[in-house]
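A short write-up of the structure that comes next.
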Amino acid sequence: MGTQDRRRDKDADFSAYMSARQPALYRTAYLLAGDHAGAEDLLQNAFAKLYLSWDKIRDREALDGYVRRIMVNENNSLWRRAWKRREHTTDTMPETGTHDAYDDGMGGQVWSFVQTLPPKQRAVVVLRYYEQLSEAEIADVLGISPGTVKSQASRALAALRARAPQSLNPHESGDEAR
């Protein structure tokens, strides 16, 4: 098999994977980035890095985890860059969001709190509660121990409880003591 044939096969395999998995991986990118433009950039960068490593990847079953890991790392490194720190929030929203099918009606409020979490905590929350990954899967994707996943999730949930208004936070209502 010639070089041209191998490259054509690589391109076809990669294109098939990308077409099949892009919607699900875009959702993860959006949850990590917090906006559509950032999600598109994050996913595009992840696919570019995946393509460069395509020939080295032997376990094709682990591709989604590999792409998620790339996106988490990319998202975390974006927050370290100085130009990102100069961005400022505004009172006007440029676009409207959508709710997942299992949203209980308070998703927009909860999501606004999730977006305020530090990158590591946010990644754990997104992968655990939005992507439904187990603690072991999250640990594998992020390259951390399951104990670190648990501690990051615990800190994130404590921060979310502290920021949530009483109507969203049953721990603040006093009902649990009854």
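The figures that follow rest on heavy atoms only: side chains count, while hydrogens, waters and symmetry mates do not.
- Without hydrogens or angle criteria, Arg27 side chain to Tyr130 main chain gives a donor-acceptor distance under 3.5 Å.
- Scanning all heavy atoms of the two residues, the minimum distance from Pro119 to Asn76 falls at CB-OD1, 3.0 Å.
- In terms of modelled atom types and a separation under 3.5 Å, the side chain of Gln121 and the main chain of Gln152 share no donor-acceptor contact.
- With hydrogens and angles ignored, the 3.5 Å screen pairs no side-chain donor or acceptor of Ser53 with any backbone N or O of Lys56.
- Nearest heavy atoms, Pro146 versus Ala139: N-CB, 3.7 Å.
- Side chain of Arg161 to main chain of Ala156: no donor-acceptor pair is present (N/O by atom type, distance under 3.5 Å, no hydrogens or angles).
- A donor-acceptor pair under 3.5 Å links the side-chain atoms of Ser15 to the main chain of Asp11, judged by distance alone.
- Smallest separation of non-hydrogen atoms from Phe14 and Phe47: CZ-O, 3.4 Å.
- For the atom pair CD of Gln115 and CG of Asp35, the computed distance is 8.5 Å after rounding to the nearest 0.5 Å.
- The shortest distance between side-chain heavy atoms of Leu63 and Arg60 falls below 4.5 Å.
- At least one test fails for Lys49 against the ring of Tyr66: distance under 6.0 Å to the centre or angle within 45° of the axis.
- In Arg7, the CZ atom is not crowded: 12 or fewer heavy atoms of neighbouring residues, nucleotides or ligands sit closer than 6.0 Å.
- Between His36 and Tyr26, the ring-plane angle classifies as parallel under the 30° and 60° cut-offs.
- By the 4.0 Å N-to-carboxylate-O rule, Arg8 lies close enough to Asp5 to be salt-bridged with it.
- A pairwise comparison of heavy atoms in Thr148 and Ser151 identifies O-OG, 3.0 Å as the closest pair.
- Looking at Glu40, its side chain never comes within 3.5 Å of a backbone N or O of Ala37 through a donor-acceptor pair.
- Across Thr28 and Val126, no two heavy atoms sit closer than the pair O-CG1, 4.4 Å.
- Without hydrogens or angle criteria, Arg128 side chain to Glu135 main chain gives no donor-acceptor distance under 3.5 Å.
- Between Arg163 atom CZ and Leu117 atom CG the span is 5.5 Å, to the nearest 0.5 Å.
- Remark: Gln44 CD is loosely packed, at most 12 non-hydrogen atoms of other residues, nucleotides or ligands lying under 6.0 Å away.
- The heavy-atom pair separating Ala46 from Ile70 by the smallest distance is CA-CG2, 3.5 Å.
- Tyr51 is listed as a side-chain neighbour of Lys10, based on a closest heavy-atom distance under 4.5 Å.
- Residue Ile144 holds its CD1 atom at 12.0 Å from NZ of Lys150, rounded to the nearest 0.5 Å.
- In terms of modelled atom types and a separation under 3.5 Å, the side chain of Thr116 and the main chain of Phe113 share a donor-acceptor contact.
- Partner of Leu32 under the side chain to side chain contact (heavy atoms under 4.5 Å, CB included) criterion, chosen from Glu74, Met71, Arg68, Glu131: Met71.
- In this structure, Leu43 and Tyr30 have side chains that are not in contact, with every pair of non-hydrogen atoms separated by 4.5 Å or more.
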